[in-house]
Amino acid sequence: MTGVQRFLSACARHPVDRTPVWLMRQAGRYLPEYRAVRERVDFWTLCTTPDLAVEVSLQPVERFGTDACIVFSDILVVVAAMGAKVAFTEEGPRLEDPVRTARDVKRLRTFDPASDTGFVLETLSRLRRELGERAALIGFCGGPLTLAAYLTEGGGSKNFLRLKDLLYRSPETAHELLATLADACAAYAASQVRAGAHAVQIFDTWAGELTPQAYEEFALPYQRRIVNTVRRAGAPVIVYVNGCAGILELMARSGADVLSVDWRIDLSAARARLGSGVGLQGNVDPAILTTTVEAVRNAAAAALRAAGPLGHILNLGHGVLPQTPPECVRAFVESAQSPSLLANEG
Ligand code: CP3
């Protein structure tokens with residue numbers, strides 16, 4: 001099978017010759033060739049210059065032979081286009097003028113994928129040509145709840161008190177913000193499919209910080225809106241939530257083809273709870289890839305065994321960490337490419 005066939009078959013829960021593999025944040029600072037590009041340009045220039053975005057998107061595919069290539073960009077591109085002032089600092093993204101009131105929500109500009117994010121669409125169509133059949137092309141967007149978290153907090157957060165203040169004190173305004181973000185993300189994701197993405201992943205990383213009740217009210221309906229739009233555009237959808245063990249069945253109600261799960265749950269337990277109607281992606285702890293090649297092989301083998309061969313995409317439970325030695329990423333990818341190597345280790 002080609003990488004494209006293998007990846008799309010796994011999304012559809014059809015048989016595969018072997019489990020497909022890729023890694024969230026597979027293009028990033030752990031790679032010397034990425035750091036070499038970043039020495040010349042800042043992160044935002046990298047995201048908005050198709051020549052450079054194509055180059056770094058392809059780096060992990062060429063080095064490791066992953067079965068999928070995720071377009072190099074960031075979930076905050078959409079909110080920047082809507083008028084948020086986003087700066088990427090050493091400590092992560094910073095947003096000026098956080099969104100905390102109904103007036104702030106009204107200030108957000110309507111978003112048009114072609115005129116506001118043409119650079120991403122151009123990167124995708126060029127990647128699709130460069131990749132041919134060897135790897136599936138993945139487009140992505142943020143989940144509305146996660147984007148709302150950055151807009152209200154003004155950056156990363158530990159307790160998400162600003163976000164939760166909005167959800168619990170002013171639910172109507174929260175819903176207005178989330179609906180605005182969902183419409184923008186749905187249009188953005190569908191335009192990525194038209195530009196050549198084989199599949200779309202929704203990164204709703206921080207939705208796992210909510211109670212199950214709040215997830216059902218504030219995250220699920222907006223994920224569903226994006227899933228429906230992308231599926232109508234003809235591509236499968238992966239939904240990722242970090243810390244999803246307590247909301248797995250709710251997450252499945254998003255209608256996603258594949259649920260991307262973190263390492264706090266065993267994949268066999270996830271499978272038992274969900275049945276065979278949905279694919280699973282994951283779920284090795286990214287910290288293990290900062291340790292030894294042997295530990296990586298064991299963790300990948302355990303994930304492959306727990307998931308079984310049908311409807312599984314081998315991945316991490318969150319993004320590759322900057323401290324990761326590239327040899328550990330190679331060992332991880334090889335675990336899917338040559339499962340016989342694992343069997344020999346006993
Ligand atoms: O997966 C990929 O390889 C595609 C690229 C990608 C990036 N960000 C590149 C990036 C994707 C899919 C994202 C999604 C994203 N961005 C998420 C959701 C997934 C997750 O990791 O939780 C979130 C929450 C963001 C917001 C964001 N952007 C943060 C928190 C940071 C700082 C953290 C860090 O690693 O520095 C960024 C910056 C960012 N986005 C970098 C990369 C490679 C590092 C920028 C650099 O080169 O200095």
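Fair warning: this is a prediction, and the values are worked out from it, not measured in the lab. We count ligands from 1, going down the list as the structure has it; atoms in each ligand are counted the same way.
- Remark: distances from the non-hydrogen atoms of H318 to ligand 1 include one below 4.0 Å.
- Ring pair H318/W206 is perpendicular by interplanar angle, where above 60° counts as perpendicular and below 30° as parallel.
- Under a 4.0 angstrom heavy-atom cut-off, Y150 registers as being in contact with ligand 1.
- Using a non-hydrogen distance threshold of 4.0 Å, G156 does not register as a contact of ligand 1.
- With ligand atoms numbered from 1 in the order given, ligand 1 contributes 3 (O) to contacts under 4.0 Å with heavy atoms of Q26.
- Closest to atom 4 (C) of ligand 1, if we only count protein heavy atoms, is I70 CG2, 3.6 Å.
- Partners of F88 under the ring pair (Phe, Tyr, Trp, His ring centres under 6.0 Å) rule, at least two apart in sequence or in another chain, are F43, W44.
- Between F140 and F72, the distance separating the two ring centers is not shorter than 6.0 angstrom.
- Remark: D262 engages R264 in a side-chain hydrogen bond (donor to acceptor under 3.5 Å, both in side chains) (not counting sequence neighbours).
- Of the N and O atoms on the side chains of Q281 and Q201, at least one donor lies less than 3.5 Å from an acceptor on the other residue.
- Between S73 and ligand 1 there is a heavy-atom distance shorter than 4.0 Å.
- In this comparison of W44, Y30, W22, F43, the heavy atom closest to atom 41 (C) of ligand 1 sits on F43.
- Residue contact annotation: P93 has a non-hydrogen atom under 4.0 Å from ligand 1.
- Within the 4.0 Å heavy-atom cutoff, L46 does not count among the residues contacting ligand 1.
- Residues S260 and M251 are not in side-chain contact: their nearest non-hydrogen atoms beyond the backbone lie 4.5 Å or more apart.
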